Amino acid sequence: MAWNVFKFCTALRALGSIMIVFVLAVIGLTYYAVVIAHYGPSLFLGSFETFFAIVVLIVFHSLLVMVMWCYSSVVVTDPGGVPPNWRPLTDEEKGDADPLVGSGYGSAQLDPKQSAMVAVSQEIRFCHKCKQFKPPRAHHCSVCESSSYMNSSGRRCILKMDHHCVWVVNCVGALNYKYFLLFLFYTFLETTLVSLLLLRVFMEFFNEGEIDETPGSLAATFITFVLNIAFTLSILGFLIMHITLVGANTSTIEAYEKKTSPKWRYDLGWKKNFEQVFGLDKKYWFIPAYSEDDLRRLPALHGFEYPTRPDLEPLQQH
């Protein structure tokens, strides 16, 4: 049987906020190595060293602010849960059965009202664990436990769920996916900058000459460089993967389940796919927020409705 990476996340629930503490510890260590141990003191050397240190510290702190802003936004923003008793609109309410939902109710035990709903449309999805209907592209997460939409079992379906991320102790879904991507983007820039800034010191560590640093400062610099270069390489892989997913308007789970194809119904073209995640207002593209106009104009940002390709028939949607 193939190993399911998503089930592995449930085994990591016990880590909890330890991951946040670890991230903050890495940030603190990096701050010490770059600002306090090296480029802070360079401010008093004069000439080019001072100018270079000023530029480095401005760029470093600017990226650090964005990393912390995006990271905190991913951590505290609810990814979007299916409200209790949510159901798709029926023929009488909408004119036809909701075309945005797909099969998946299976052999669940339905109450009379739910059975009537399924009779109306064979495309309605039903969650066996939540015991309720779920919107299109929503997936069940057994790990999430921090939401007002959480049901009595402590489990719920997440709107356009991408994955459960132990690094942010939260699910990544419709309402915080953009924030997660920006966190990856700014973290990649920051770790790349730190790696380049500390490369000289790291190389001097292996030289035979003396290094004008305390053992503690040298150890912190060495560990910081190794951690940041490792994060740079790993985050680059995640960025490439998620850029590909955004370009195809799919999620990690949808790609894993092989539901994407050249006829993927939500693929509207790269530009529109990008706007489904980042919005139309360019001023908000690089910050973890949306304009009010985008929230009003783009239903996909709410996680319940998604525009589809008009050339695909309902039978081609799965």
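Residue indices begin at 1 and follow the sequence shown. Computed from a prediction, not measured in an experiment: that's the story for all the values here.
Within the 4.5 Å cutoff, the side chain of Leu43 has heavy atoms near those of the Leu57 side chain. Using a 4.5 Å heavy-atom cutoff, the side chains of Leu24 and Met68 are in contact. With a 4.5 Å cut-off on side-chain heavy atoms, Tyr256 and His163 do not count as touching. Counting heavy atoms from C-beta on, the side chains of Leu280 and Asp293 never come closer than 4.5 Å. In this structure, the side chains of Arg309 and Leu268 come closer than 4.5 Å at one or more pairs of heavy atoms. Contact annotation: the side chain of Leu175 never approaches that of Pro79 to less than 4.5 Å [non-hydrogen atoms, C-beta and beyond]. Taking 4.5 Å as the limit, every side-chain heavy atom of Ser251 sits out of range of all side-chain heavy atoms of Leu245. A heavy-atom distance below 4.5 Å is not found between the side chains of Pro299 and Tyr306.
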Where do Lys160 and Val277 land on the side-chain contact (heavy atoms from CB on, under 4.5 Å) test, with the steps shown first? CA-CA 11 Å; Lys160 196 187 175 183; Val277 176; 4.1 Å; yes
So Leu218 and Phe222, side-chain contact (heavy atoms from CB on, under 4.5 Å) or not? Walk me through it. CA-CA 6 Å; Leu218 189 60; Phe222 181 84; 5.8 Å; no
Going through the checks in order, is the side-chain contact (heavy atoms from CB on, under 4.5 Å) test met by Tyr71 and Ile20? CA-CA 10 Å; Tyr71 183 70; Ile20 297 180; 3.5 Å; yes
Hey, mind stepping through Met66 and Phe185 against side-chain contact (heavy atoms from CB on, under 4.5 Å) and telling me if it holds? CA-CA 10 Å; Met66 295 308 301; Phe185 174 70; over 6 Å; no
What's the verdict on side chain to side chain donor-acceptor pair (under 3.5 Å) for His242 and Tyr177, showing C-alpha distance, side-chain angles and the deciding distance? CA-CA 10 Å; His242 281 284; Tyr177 183 52; 2.9 Å; yes
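Residue Leu198 is grouped with residue Val59 when hydrophobic side chains (ILVMFWY) are merged at heavy-atom distances under 4.5 angstrom, including chains of intermediate members. Placement of Val226 and Val23 within a single hydrophobic cluster is found when ILVMFWY residues are connected by side-chain heavy-atom separations under 4.5 Å, directly or transitively. Linking ILVMFWY residues whenever their side-chain heavy atoms come closer than 4.5 Å, directly or via other members, places Phe183 and Met241 in the same cluster. Neither Leu189 nor Ile229 shares a network with the other; the hydrophobic side chains, linked directly or stepwise wherever heavy atoms of I, L, V, M, F, W or Y lie under 4.5 Å apart, form separate groups for each. Put simply, Leu301 and Phe286 are part of the same group of oily side chains (I, L, V, M, F, W, Y) that touch within less than 4.5 Å, one to the next.
Both the sub-6.0 Å distance and the 45° axial angle are not jointly satisfied by Arg125 relative to the ring of Phe133.
In this structure, the side chain of Asn249 engages the main chain of Tyr266 through a donor-acceptor pair within 3.5 Å. The closest donor-acceptor contact from the side chain of Lys178 to the backbone of Ile287 lies under 3.5 Å. Panel note: side chain Ser234, backbone Phe231; a donor-acceptor pair is recorded below 3.5 Å. At least one donor-acceptor pair under 3.5 Å links the side chain of His302 to the backbone N or O of Leu295. Between the side chain of Gln132 and the main chain of Pro83, a donor-acceptor pair closer than 3.5 Å is present. Judged purely by atom type and a 3.5 angstrom limit, Asn176 has no side-chain atom pairing as donor or acceptor with the backbone of Ser73. No donor-acceptor pair under 3.5 Å is formed between the side chain of Asn170 and the backbone N or O of His164. Between the side chain of Asp162 and the backbone N or O of Thr252 there is at least one donor-acceptor pair closer than 3.5 Å.
Taking the six-membered ring for Trp and thresholds of 30 and 60 degrees, Phe22 and Trp167 have ring planes inclined between 30 and 60 degrees apart. Classified by interplanar angle (parallel below 30°, tilted 30° to 60°, perpendicular above 60°), the ring pair Tyr179/Tyr290 is tilted.
Closest approach of Gly247 and Asp267 over heavy atoms only: O-OD1, 4.1 Å. Among all heavy-atom pairs drawn from His140 and Lys134, the shortest one is N-NZ, 4.5 Å. When all heavy atoms of Leu159 and Gly303 are compared, the pair lying nearest together is CD2-O, 3.6 Å. Of all the heavy atoms in Cys141 and Cys171, the pair that sits closest is SG-SG, 3.4 Å. The shortest non-hydrogen separation linking Leu236 to Phe188 is CB-CE1, 3.8 Å. In plain terms, the two heavy atoms of Leu298 and Glu275 that are nearest each other are CD1-O, 3.5 Å.
Between the CG atom of Asp294 and the CZ atom of Phe278 there is a distance of 12.5 Å, given to the nearest 0.5 Å. To the nearest 0.5 Å, the span separating CG on Leu45 from CZ on Phe52 amounts to 12.5 Å. A distance of 9.5 Å separates CZ in Phe126 from SG in Cys157, rounded to the nearest 0.5 Å.
Between Arg296 and Glu292 there is no salt bridge, since none of the side-chain N atoms of the basic residue sits less than 4.0 Å from a carboxylate O of the acidic one.
The aromatic ring centres of Trp285 and Phe274 sit less than 6.0 Å apart.
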Just distance, no hydrogens or angles: give the donor-acceptor pairs under 3.5 Å from side chains in residues 28-36, sequence neighbours left out.
unit_1	atom_1	unit_2	atom_2	d
Thr30	OG1	Val26	O	2.8
Thr30	OG1	Asn228	ND2	3.3
Tyr31	OH	His61	NE2	3.0

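For residues 185-196, every residue pair satisfying the side-chain hydrogen bond (donor to acceptor under 3.5 Å, both in side chains) rule, not counting sequence neighbours, is listed here: Thr191-Thr232. Applying the side-chain hydrogen bond (donor to acceptor under 3.5 Å, both in side chains) test to every pair with at least one member in residues 35-59, sequence neighbours left out, gives these pairs: His38-Glu213.
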